[in-house]
Amino acid sequence: MAIKYNADTKTFALETADTSYLMKVSRYGNLLHMYYGAKIPDQDLDYLLSFQDRGFSPNPNEAGNDRTFSLDFLPQEFSTDRSGDYRTPSVEVIWGDGGTAFSGKVAGYEISPGAAEIKGMPGLQKNGKEQVDTLVIRLEDPVSRVEAKLFYTVFEEKNVIARSVILANYGTRDLRLERLMSGTVDFRDSEYDLIYFSGRHTMEREMRRISVADGIHSIGSTRGSSSHQYNPFAILCEKNCDEDKGQCWGFSLVYSGNFLMETEKDQYKQLRFQAGINPKGFSFLLEPGEEFQAPQLIMAWSGSGLTGLSHIYHRLFRENLSRSPYQKKLRPVLLNSWEAAYFDFDDEKILSIAKAAADMGVEMFVLDDGWFGKRNDDCSGLGDWTVNREKIKIGIGKMSEKIHEMGMKFGLWIEPEMISEDSELYRQHPDWCLREPGRPATRGRYQLVLDLSREDVCEYLIETINHILDQAGAEYIKWDMNRSITEAWSGLLGREHQGEVFHRYVLGLYHVMDRVILTHPDILFCGCSGGGGRYDPAMLYYQPQIWCSDNTDAINRLKIQYGTSFAYPPCTMEAHVSVCPNHQTGRSVPLHTRGVTAMGGVFGYELDPTKMTEEEKEQCREQIRFYRKYAKVIMEGDYYRLTDPYENRYFTAWESVSPDGKKALLSIVVTDKEGNDAQRYVKLKGLNPDEYYRIDGWKGKFSGRLLMNAGIPVPESLREYDSLQIGLKMV
Ligand code: DGJ
């Protein structure tokens, strides 16, 4: 059993293959955090705690004359508010009388087999016969009879602990919940770096590493979606931690809405890490008998550096997250019409692009935005999900038939959560969008956001999207979301519930996705929010791949895909070859390199092949053949970042190795070049040191140990933006 309770020492121990997580009930019933890291024997860690009389650190009433016990410096598992801990708490409530003090004392616990259910939200699931158990610790506020139930699901062999919290109002009075973090971890020291992934539209998830400093550092979103600006994933690591060595802790929030991740270095140089729904814009009324659940927080520890941590998340996300049967399948090489035609097309143009794509060996054609309503630009049409007969005269069903006749699958773009003011839907239901009464609604890309906190809107969406799916004959759907939420006010909720709208929107979205995506297991869904604005594990639960970024520049993409890879495996990152000069940056990069970068993820195209030369098309045919040869290694293998694009300005290299270590693919892109340049080398990783490998196109065989220690030279003949892919096979 991965979960133990030692009644003598009052210690809970959660054990995975390589880690221990320990908590202890204090002498006054508080739950203290004792340890999270490398596996240690189950013993009393009381000696680690320091009890001292510290000035201005209050003592709980039940401590009597004991001035050495204060929540102000003890490491806590669930920090409550206004009861002596001045660090940011895990929970904040406002009672009916305006009071705010909350005290959580251990009232009991249960251990059960299997993963915890996260009500109304995605969560990890058990995969096959692996050992998964859940501990629930109940903390009670004795005055109000409100309970916090702390959930810990232990994925033993995966080295993962998934947390969640339910706040249950078993009392007799209403309470207003202002903050409920999914997880709090108190470290006794703070000599750590914080790694997070920030950015903007068309430049998402740039890796940032900062030293944890005194005070509070927060990242998060208040945009209604997990956002381009910060990803809900962060790492704390030792100062000397790099790809291959050092301790690091990962925190991944399974949530697609407003979130907060925060480090707080306190007066005693201790560190608190917290993650959960962002309290800004959040206030939930809980009547007697009601409860609120916080989204799941996935924690992992690695003692072998950042690569080890990424491998834990990659494996977990491949095996325990997605509900799509496509998760385990190789994905079709697709061509998407967006950068090929934008809004400027009719059915003839689309069919000629599709024909040329089929001729190139593309396996699926995706018709992007512009096929419905009066959608000739982005000013109108969202909400009117019927085909635009002026553009697609033959209709979508016929279009899909013709694509199928060309031997390809058919995919379609939708953006169900949005509404254009110039649409039939808006004319019929102007009250269905989020907006505050008496105020003009703020627009984003000319559009407004449907109020998914409303049941009627969700039911309408379920019926409408299911109808599109049944009519379209599509094997793939790209689900887009192209603006941030502003006025989160709902016409159907009373004044006292308006602070719930952001979260209710997310719950509404998951409900719609449950009823649309999970009822269509044969369709491959791709997530998108102006590229990677909603790249989070909750979306991956529904959609096994996500359009990584609206930026298709092969050089910018190196950084975007590098940052994305810390948490998310290549099989989740849709990446396409587009034309040059690139539409986002104006940069020109050889077609070969565009292919190499796009093969860092789920490979496809985003261009008009009717405008390509025969020679270019032949190059694409070759790319598709090459991708097919290595698709399994890329999708299922272990991914290694061989260089850091922020440190090495000369080249970026990465590698995928099959789980059995027999096959590998090394990719190198030259990002800068100097005259009479130094000879540079790249050292491989993940090979079997005791075996020999043949390298495609090279004579002889090379030992894994040699390739990993001496490396191979980056050929001097490569010019700026040139690239190289090298296949390796164990002899
Ligand atoms: C944003 C997406 O990221 C693009 O790929 C494209 O689908 C457009 N939306 C269409 O409006």
Side-chain angles (χ1 to χ4, degrees), residues 199-205 223-229 256 334-345 350 353 364-385 388 391-392 410-420 422-423 443-450 465 468 472 474 476-484 524-536 539 543 545-554 556-557 560-561 564 572-579 582-585 594 598 601-608:
R200 54 191 185 275
H201 178 225
T202 71
M203 207 61 214
E204 300 91 335
R205 292 174 299 286
R223 294 170 174 265
S225 61
S226 44
S227 90
H228 299 87
Q229 285 69 19
S256 312
L334 66 81
L335 185 140
N336 179 293
S337 71
W338 182 240
E339 285 197 24
Y342 295 104
F343 291 110
D344 180 20
F345 60 80
I350 287 297
I353 294 174
M364 180 159 73
F365 177 80
V366 180
L367 179 56
D368 207 282
D369 198 353
W371 60 268
F372 53 90
K374 261 183 25 193
R375 189 80 169 161
N376 299 319
D377 52 35
D378 49 14
C379 298
S380 62
L382 290 171
D384 296 341
W385 297 107
N388 180 331
K391 290 165 96 172
I392 312 283
F410 177 60
L412 202 60
W413 177 97
I414 54 173
E415 190 180 2
E417 297 154 69
M418 298 293 152
I419 183 166
S420 304
D422 184 5
S423 70
R443 299 189 183 104
R445 204 195 189 195
Y446 307 110
Q447 63 204 46
L448 306 182
V449 185
L450 281 173
I465 310 167
I468 303 171
Y476 168 104
I477 293 289
K478 178 177 173 187
W479 185 309
D480 208 346
M481 195 265 194
N482 279 305
R483 61 159 289 184
S484 303
L524 169 60
F525 283 82
C526 167
C528 179
S529 174
R534 208 160 54 183
Y535 208 123
D536 59 63
M539 283 295 114
Q543 316 176 115
Q545 62 196 57
I546 295 178
W547 178 225
C548 199
S549 175
D550 269 351
N551 187 342
T552 57
D553 175 296
N556 279 182
R557 269 286 184 130
I560 297 170
Q561 292 172 196
T564 307
T572 65
M573 296 182 214
E574 230 186 73
H576 298 168
V577 173
S578 63
V579 294
N582 178 267
H583 289 189
Q584 291 80 43
T585 63
R594 285 177 264 154
V602 183
F603 183 66
Y605 291 87
E606 182 97 12
L607 43 69
D608 181 352

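Counting starts at 1 for both ligands and their atoms, in listed order. For the numbers below, each heavy atom of this structure counts, side chains included, while hydrogens, waters and symmetry mates do not.
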Within the side chain of Glu204, is there an N or O that forms a donor-acceptor pair under 3.5 Å with the backbone of Gly531?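 The answer is no, because no donor-acceptor pair under 3.5 Å joins these two groups.
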
Return yes if some donor-acceptor pair links the side-chain N/O of Ser420 with the main-chain N/O of Asp422 below 3.5 Å, else return no.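 Judged by distance alone, no pair lies under 3.5 Å.
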
Using 4.0 Å as the upper bound for N to carboxylate O, is an ion pair formed by Lys478 and Asp368?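 Here Asp368 pairs with Lys478 in a salt bridge, since their nearest N and O are under 4.0 Å apart.
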
Determine whether more than 12 heavy atoms belonging to other residues, nucleotides or ligands lie under 6.0 Å from atom CZ of Arg534.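 Enclosed: over 12 neighbouring heavy atoms sit under 6.0 Å from CZ of Arg534.
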
What do you reckon, is CZ of Phe343 surrounded by more than 12 foreign heavy atoms closer than 6.0 Å?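 Yes.
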
List in chain and number order the residues that pass salt bridge (charged side-chain N to carboxylate O under 4.0 Å, His left out) with Asp344, two or more places apart in sequence or in another chain; answer none if no residue qualifies.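 Scan of Asp344 (salt bridge (charged side-chain N to carboxylate O under 4.0 Å, His left out), adjacent residues dropped) gives Lys349.
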
Near ligand 1, at a heavy-atom separation below 4.0 Å: residues by chain and residue number: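 Around ligand 1, where the cutoff is 4.0 Å for heavy atoms, the contacting residues are Trp338, Asp368, Asp369, Trp413, Arg445, Lys478, Asp480, Asn482, Cys528, Gly530, Gly531, Trp547, Asp550.
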
